[in-house]
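All values below were derived from every heavy atom in this structure, side-chain atoms included, with hydrogens, water molecules and symmetry-related copies excluded. From a predicted model like this one, the values you see are computed outputs, not experimental measurements.
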Amino acid sequence: MTNKIVLISDDSNFFDYLRCKLELRKSDELFVFNFDDIPDKIHLLETSVLIVNSENAKEKTLELLSIFKSTPIIVMAYNDDDNFKKKCYRAGMLDFMSLLTPDAEFRTRILPALSLAGLLEKNKQYRNILVKNNILTDNNEVFLNYESVIEKELEEINKRKAKAVFIAISPSDKTKLKITPNTIETIILNNIRKNDILMNYAPNKYFLILLNIDLSNAEKLWQKISNNMPYKIYAVLTNITNQKKEQLINESLNKLHQAINLDKTVVNNKAEILNPTNNTRYNINPYNNFKIFRQEFEKKIEQVISPVFYQMQQKYSGKFNGITLEQNSGEGYGSFFIKGKYSSSSFKISCPGFSKINIDITSQKGQQNIDTKRISLEPEELEVGLLQDLLEQFIIEYKREAENDS
């Protein structure tokens, strides 16, 4: 393996001093830069190890550490400044050495940095495979197939009886046009730990699993994240306690849209679920007879379901080769269809009785391979934002499956 080592210093003698210590092989490459001559895109240089002489350049060194997030960095200085050292470690430094460190010790301590560089290079190759297969986003560590990730993590959390918090995240409809997905993802990822899991649910909407944390500390962390956002963003925090995947997702999404309507963050274990219009709790079912229930559902079809179906049909028509989108509605139901060469899927909303509205999602490949799932909602929960989310995810999942089949 070729080692690419970068040296940065304001002292030219440092470069000659380090060359002797490094004992480079013929295949190794060495790059040297003064602080004032560092290229603007140095972080794009594929680097095995970065060695920085921080003497008289502490602020510049900390700036460099903030740029190189995935490169092993060794900082060197004459003086052992504990405060500065702590700042460097917090910023991602791998090791700190004195310029007077003996040659043998220096070579011993640089080996872990070179080993880590090799591991990071392998991880980069694996990551490219995950991106190619639509498992991770291209520019950030965000999982695209949230369903399988959540299922696996819930199983592991429940088996170990570990503390964990689930968060559903979204800007409002007005804000989501002002803030890019990359901005949201970057700010969240910069404030969570490496083993926490960020997943994409729909455009600009995310699920986040924070591991080994209680609800109180998760609230503090979310406050820190939201304070860094350029625009207001909403979240629902739920303590993970043996919930099924569908229950966790559906309840979190419902409360997320209530949070947006109420203009606040909701912590499931504490917040009351309020009616946005009259600020009263949902203690009773307002639809006390079948006639009223059906009348209200017909209004939902006219004012919510049909407009959202039409909007999504217009948005995605012609975007996918060989795929057609259709939608229709009738007495007591509304349906949205996706039809392709090898498969078809339907998204049907109906009201079977007094208490619930059902969303039945059916996917079919050939005559035998049929998959169905049902989402049940309270009448007041079926509003524009939630329906847009569910339908958008339905279309994205169909597209992903169609691409895998082809």
Side-chain angles (χ1 to χ4, degrees), residues 1-130 139-141 189-190 192-196:
M1 174 182 167
T2 299
N3 292 316
K4 294 183 179 179
I5 300 172
V6 176
L7 307 180
I8 297 177
S9 175
D10 276 340
D11 180 359
S12 58
N13 293 327
F14 175 77
F15 303 135
D16 295 330
Y17 173 73
L18 257 292
R19 277 191 182 95
C20 300
K21 283 181 175 283
L22 287 169
E23 291 187 342
L24 298 172
R25 296 172 301 181
K26 286 184 179 180
S27 60
D28 292 336
E29 296 180 52
L30 185 68
F31 302 86
V32 298
F33 298 103
N34 292 319
F35 273 103
D36 292 337
D37 298 327
I38 295 173
D40 290 338
K41 297 187 178 180
I42 188 174
H43 59 285
L44 300 179
L45 180 66
E46 290 186 3
T47 305
S48 297
V49 177
L50 175 67
I51 303 176
V52 184
N53 175 16
S54 65
E55 199 67 30
N56 302 318
K58 290 181 179 178
E59 291 305 317
K60 292 177 181 178
T61 299
L62 290 170
E63 284 176 23
L64 268 180
L65 286 166
S66 68
I67 293 171
F68 285 88
K69 289 293 185 184
S70 58
T71 299
I73 300 176
I74 296 171
V75 175
M76 304 191 76
Y78 282 113
N79 298 313
D80 204 2
D81 181 339
D82 280 341
N83 265 346
F84 175 61
K85 208 194 287 191
K86 286 176 186 174
K87 288 181 183 178
C88 288
Y89 276 120
R90 278 197 293 265
M93 175 184 73
L94 179 69
D95 200 357
F96 189 96
M97 290 191 227
S98 165
L99 289 169
L100 303 177
T101 299
D103 291 359
E105 183 184 341
F106 175 84
R107 292 181 195 117
T108 301
R109 289 171 66 179
I110 200 173
L111 285 176
L114 294 172
S115 297
L116 178 58
L119 183 62
L120 290 170
E121 183 58 35
K122 267 188 181 175
N123 286 347
K124 192 185 294 183
Q125 293 168 4
Y126 295 149
R127 190 186 188 286
N128 290 337
I129 294 170
L130 294 174
N139 56 336
N140 269 322
E141 299 294 319
L189 290 167
N190 283 345
I192 62 176
R193 292 168 295 191
K194 289 289 183 186
N195 60 336
D196 295 328

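Here Asp11 pairs with nothing under the side-chain hydrogen bond (donor to acceptor under 3.5 Å, both in side chains) rule; sequence neighbours left out. For Lys85, the salt bridge (Lys or Arg N to Asp or Glu O under 4.0 Å) partners two or more places apart in sequence, or in a different chain, are Asp80. With sequence neighbours left out, the salt bridge (Lys or Arg N to Asp or Glu O under 4.0 Å) criterion links Glu141 to Arg127. Remark: Asp37 engages no residue in a salt bridge (Lys or Arg N to Asp or Glu O under 4.0 Å) (not counting sequence neighbours). Under the rule for a side-chain contact (heavy atoms from CB on, under 4.5 Å), the partners of Arg107 that lie at least two apart in sequence or sit in another chain are Glu23, Asp103. For the side-chain hydrogen bond (donor to acceptor under 3.5 Å, both in side chains) test, no residue two or more places apart in sequence or in another chain qualifies with Asn13. Remark: Asp16 pairs with Arg19 by the side-chain contact (heavy atoms from CB on, under 4.5 Å) rule, at least two apart or across chains. Residues satisfying the side-chain hydrogen bond (donor to acceptor under 3.5 Å, both in side chains) test with Asp196, not counting sequence neighbours, are none. Taking Leu130 as the reference, Ile135, Leu136 meet the side-chain contact (heavy atoms from CB on, under 4.5 Å) condition, with sequence neighbours excluded.
Counting heavy-atom neighbours within 6.0 Å of Tyr78 OH, excluding the residue itself, gives a total of 12 or less.
Between Leu24 atom CG and Asn3 atom CG the span is 8.5 Å, to the nearest 0.5 Å. Between the CD1 atom of Ile38 and the CZ atom of Phe31 there is a distance of 14.5 Å, given to the nearest 0.5 Å.
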Show every donor-acceptor pair shorter than 3.5 Å between a side-chain atom in residues 57-64 and any protein atom, with sequence neighbours excluded, or say none if there are none.
| residue | atom | partner | partner atom | Å |
| --- | --- | --- | --- | --- |
| Lys58 | NZ | Asp81 | OD2 | 2.6 |
| Lys60 | NZ | Asp36 | OD1 | 3.4 |
| Thr61 | OG1 | Ala57 | O | 2.7 |

Could you list the donor-acceptor pairs under 3.5 angstrom formed between side-chain atoms of residues 112-120 and any protein atom two or more places apart in sequence or on another chain?
| residue | atom | partner | partner atom | Å |
| --- | --- | --- | --- | --- |
| Ser115 | OG | Leu111 | O | 3.1 |

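The salt bridge (charged side-chain N to carboxylate O under 4.0 Å, His left out) contacts involving residues 87-102 comprise Asp95-Arg109, where partners must be two or more places apart or lie in separate chains.
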Inset, instruction - Apply the test side-chain contact (heavy atoms from CB on, under 4.5 Å) to residues Val75 and Phe84: give CA-CA distance (whole Å), side-chain angles for both, the deciding distance (0.1 Å), then the verdict. - result: CA-CA 11 Å; Val75 175; Phe84 175 61; 4.2 Å; yes
